[in-house]
**Student:** 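Sharing a structure below in structure tokens format, with a few things to ask.
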Amino acid sequence: MTLKRFNLVATAIIASLLSPYLSASSNTKPNIIWLMAEDMGTDLECYGTPGVQTPNLNRLAEEGARFDRTYCANPICSPNRSSMMVGVHQTKINAHHHRSNRDVPLAAPYKPITSFLRDAGYTCILGSDLVMQKGTKIDCNFKTEATGPYDGKTQFGLFDKIGDPQPEDQPFFNQVQLKVTHRGDWWNPIRKASKDPVSVDEIQLPPYFADTPEIRYDWAAYLDTVEYMDNEIGLIIQDLKAKGMYENTIIIFIADNGRCNLRGKGYLQEPGIHVPMIVWAPGYVEAGTIVDELICTTDISATILELAGAEIPDYITSKPIFGVENPQYRDYVRSARDIWDEIDECSRSVTTKKFKYIKNHMPEVPWNTSQAYLELNRPALHVMRKLKAEGKLSDAEMTHFLDEKPVEELYDLENDPHELNNLALNPEYANVLAEMRSLEEDWQSENKDYGLEDLGQRRPEQGLGAGISREFIKAKHPDLWDRLEAGELMETQAWGKMAKQAKAKAKKKDKQS
């Protein structure tokens, strides 16, 4: 795999920009590209992350808007993607458990936003030939098909076509998944192929990580994939320019959830739900705009419908955040975590500009679980488990490794951005705690929460591929498992193939005997 670096032609200087958040006066509907990086925090150069170079996203932010307080409705890919495809929190549409309800149609009156975009005259396109694995991931927790018509009863197509948009597709909506930042067997090859890999000495680890060579390497390899992803965005921009579509295309960049590491993907702390968002939209946002207001990722759904001149249904739990004269930002963002693979969990959070409140409905389930996917894909987990056993973790580093979660968590995000000091039992913050509780209660009184309704009656999925891979390697290749536990970044997806081949070989042998 060859990593292309960033020798891209600089974008043209924008001739004129209107006032912030005013709609363009052109009668031509804008094309819209929604770029969705997988499993990524605000780990970009334009957000101040040390060690990483992201020139294309830097440029989009400089010529557009950077949103600094964007939060997911869920810290796991499929529930959050479900909420964004509908514009409604996943707990309201029975899409709250990871990889659930794949054969269950979305209940009326809910529809995917692409249905409304099609009605407004848009060609809906999935993926791009310019990115890793074509960018065609959908991953919604209701019945879908990639392409074809949609009626929600017998037809479930979300998009009209797969591939790069063409001039005849205009106006188009193009959703592209940037998979490279997701954990995968490509991380080591990408780092090895890079002409300028991220220096392990330049990165800055959060204080809840132990500072070891293994953890630094893993973090640097992650940032290498971020750089690769940034280059993919540059290729998409080049393609738009070559086809004469760049000037009339709005580019929205976000992540589907936080980074895949400790306290990140799967958890309601900042690394799990606080994601980057950059918008390039001449005529809709002023160059260099920085928005410090609270945004939920579902707000992008309403914004896209607004930009397209499409119907925004009454049920949608989001508001346009640009393309309107008076954007309605949020007083708080409400997020939720439920089943992820074999781990049954139920937590709810409320994030304001100053505080974060988390209610753990299953405090007996620790953050540091035996979840197979995490054990296969987070080297820091193994390194720090070993250090814990040796009594070598600091208080900050112990945060993720407590035996149980507190029932409630309260953090002062201004003074404690890494959420290390839980204020829930501090009497000086009793009024703040009561206020944050009331926000969750208000949300519950106005919205359905399937995740609380099924609490205690759930059946997490067992026998998943990650678990099979883990047990196979432990039993048949303990040397590989030892390397993983030592903190080495391994190509663990290949282990699943090894397990399948071994099973097939054993089955064939049994038949012959």
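Note that the numbering runs from 1 along the sequence shown for the chain.
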**Student:** Any salt bridge (Lys or Arg N to Asp or Glu O under 4.0 Å) involving residues 470-480? Give me the pairs, sequence neighbours left out, ordered by first then second residue.
**Tutor:** E375-R470
**Student:** Among side-chain atoms of E145 and T147, is any donor-acceptor pair under 3.5 angstrom?
**Tutor:** no
**Student:** Between the main-chain N or O of Y411 and the side-chain N or O of D416, is there a donor-acceptor pair closer than 3.5 Å?
**Tutor:** no
**Student:** Give a yes or no on whether the backbone of R337 and the side-chain of R348 come within a donor-acceptor separation of less than 3.5 Å.
**Tutor:** yes
**Student:** Can a donor-acceptor pair be found between the side chains of E45 and N58 at a distance below 3.5 Å?
**Tutor:** yes
**Student:** My understanding is that only one of L35, N174, V279 makes a side chain to side chain contact (heavy atoms under 4.5 Å, CB included) with I251; could you say which?
**Tutor:**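 Of the listed options, the one satisfying the test is L35.
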**Student:** So, using salt bridge (Lys or Arg N to Asp or Glu O under 4.0 Å) as the criterion, who are the partners of E364 when residues are at least two apart?
**Tutor:** none
**Student:** So among I252, T249, T303, which one has a side chain to side chain contact (heavy atoms under 4.5 Å, CB included) with I32?
**Tutor:** I252
**Student:** Test ring-ring contact (aromatic ring centres under 6.0 Å, His included) on W219 and F209; report intermediate values, then the result.
**Tutor:** CA-CA 10 Å; W219 190 277; F209 278 87; 5.6 Å; yes
**Student:** Closest approach of P406 and N422, non-hydrogen atoms and distance?
**Tutor:** CG-ND2, 3.7 Å
**Student:** Minimum heavy-atom separation for N257 to P75, with atom names?
**Tutor:**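 Heavy atoms of N257 and P75 come nearest at CB-O, 3.4 Å.
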**Student:** Give a yes or no answer on whether the side chain of N74 reaches the backbone of P79 with a donor-acceptor pair at less than 3.5 Å.
**Tutor:**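 No; zero donor-acceptor contacts below 3.5 Å.
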**Student:** Any idea how Y267 and H400 line up, ring-wise: parallel (<30°), tilted (30 to 60°), or perpendicular (>60°)?
**Tutor:**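 Judged by the thresholds at 30° and 60°, the geometry between Y267 and H400 is perpendicular.
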**Student:** With side chain to side chain contact (heavy atoms under 4.5 Å, CB included) as the test, pick out the partner of F172 among Q166, K161, M245.
**Tutor:**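 Among Q166, K161, M245, the one meeting side chain to side chain contact (heavy atoms under 4.5 Å, CB included) with F172 is M245.
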**Student:** Is R385 positioned over the aromatic face of F401, cation under 6.0 angstrom from the ring centre and no more than 45 degrees off axis?
**Tutor:** no
**Student:** Between the side chains of Y357 and E408, does any donor sit under 3.5 Å from an acceptor?
**Tutor:** yes
**Student:** Any pair with a residue in residues 251-279 that passes salt bridge (Lys or Arg N to Asp or Glu O under 4.0 Å), sequence neighbours left out, goes on the list, sorted by first then second residue, please.
**Tutor:** D39-K265, D43-R259, R81-D256, E270-K356
**Student:** Taking S128 for the side chain and K134 for the main chain, is one N or O donor matched with an acceptor at less than 3.5 Å?
**Tutor:** no
**Student:** Can you check ring-ring contact (aromatic ring centres under 6.0 Å, His included) on W280 and Y246, steps first, answer last?
**Tutor:** CA-CA 11 Å; W280 187 85; Y246 179 65; 4.4 Å; yes
**Student:** For the residue pair Q90 and N80, confirm or rule out a side-chain donor-acceptor distance under 3.5 Å.
**Tutor:**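 Note: Q90 and N80 side chains miss the donor-acceptor criterion.
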**Student:** Using the salt bridge (Lys or Arg N to Asp or Glu O under 4.0 Å) criterion, which residues pair with E214? Sequence neighbours excluded.
**Tutor:** none
**Student:** Can you sort out the partners of K179 under salt bridge (Lys or Arg N to Asp or Glu O under 4.0 Å), two or more places apart, ordered by chain and number?
**Tutor:** none
**Student:** When you measure from the side chain of R102 to the backbone N and O of C140, does any donor-acceptor pair fall under 3.5 Å?
**Tutor:** yes
**Student:** Go through Y373 and W340 one step at a time and tell me if the ring-ring contact (aromatic ring centres under 6.0 Å, His included) criterion holds.
**Tutor:** CA-CA 10 Å; Y373 174 78; W340 184 13; 5.7 Å; yes
**Student:** Mark yes or no for whether D292, through its side chain, and F67, through its backbone, hold a donor-acceptor pair below 3.5 Å.
**Tutor:** no
**Student:** Of all the heavy-atom pairs spanning T352 and L413, show the shortest one and how long it is.
**Tutor:** O-CD1, 4.0 Å
**Student:** Please answer whether the main-chain N or O of V198 pairs with a side-chain N or O of D224 as donor and acceptor at a distance below 3.5 Å.
**Tutor:**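 Judged by distance alone, yes, a pair lies under 3.5 Å.
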**Student:** Taking all heavy atoms of R378 and all of N261, pick out the closest pair and write down the distance.
**Tutor:**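 That would be NH1-O, 3.0 Å.
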**Student:** Can you spot which of R99, H98, Q177 makes a side chain to side chain donor-acceptor pair (under 3.5 Å) with D139?
**Tutor:**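 Testing each of R99, H98, Q177 against D139, the sole residue satisfying side chain to side chain donor-acceptor pair (under 3.5 Å) is R99.
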**Student:** Y332: which residues meet the ring-ring contact (aromatic ring centres under 6.0 Å, His included) condition with it, sequence neighbours left out?
**Tutor:**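 Residues passing ring-ring contact (aromatic ring centres under 6.0 Å, His included) with Y332: none at all.
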**Student:** Donor-acceptor check, side chain of D230 to backbone of L57, threshold 3.5 angstrom: yes or no?
**Tutor:**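 Yes.
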**Student:** Kindly give the heavy-atom pair with the smallest separation between V180 and W187, and that separation in Å.
**Tutor:**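 Taking V180 first and W187 second, the nearest heavy atoms are O-NE1, 3.4 Å.
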**Student:** In terms of side-chain heavy atoms, does N188 have a donor or acceptor partner in E491 at a distance below 3.5 Å?
**Tutor:**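 Per modelled atom types, N188 and E491 side chains form a pair under 3.5 Å.
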**Student:** Below 30° counts as parallel, above 60° as perpendicular, anything between as tilted: where do the rings of F159 and F173 land?
**Tutor:** parallel
**Student:** With no hydrogens and no angle check, is any side-chain donor or acceptor of T369 less than 3.5 Å from a backbone partner on P366?
**Tutor:**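 No: the side chain of T369 does not pair with the backbone of P366.
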**Student:** Taking atom types as modelled and ignoring hydrogens, do the side chains of Q53 and D196 form a donor-acceptor contact shorter than 3.5 angstrom?
**Tutor:** yes
**Student:** With a cut-off of 6.0 Å (strictly less than), are more than 12 heavy atoms of other residues, nucleotides or ligands near NZ of K354?
**Tutor:**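 Check passes, neighbour count above 12.
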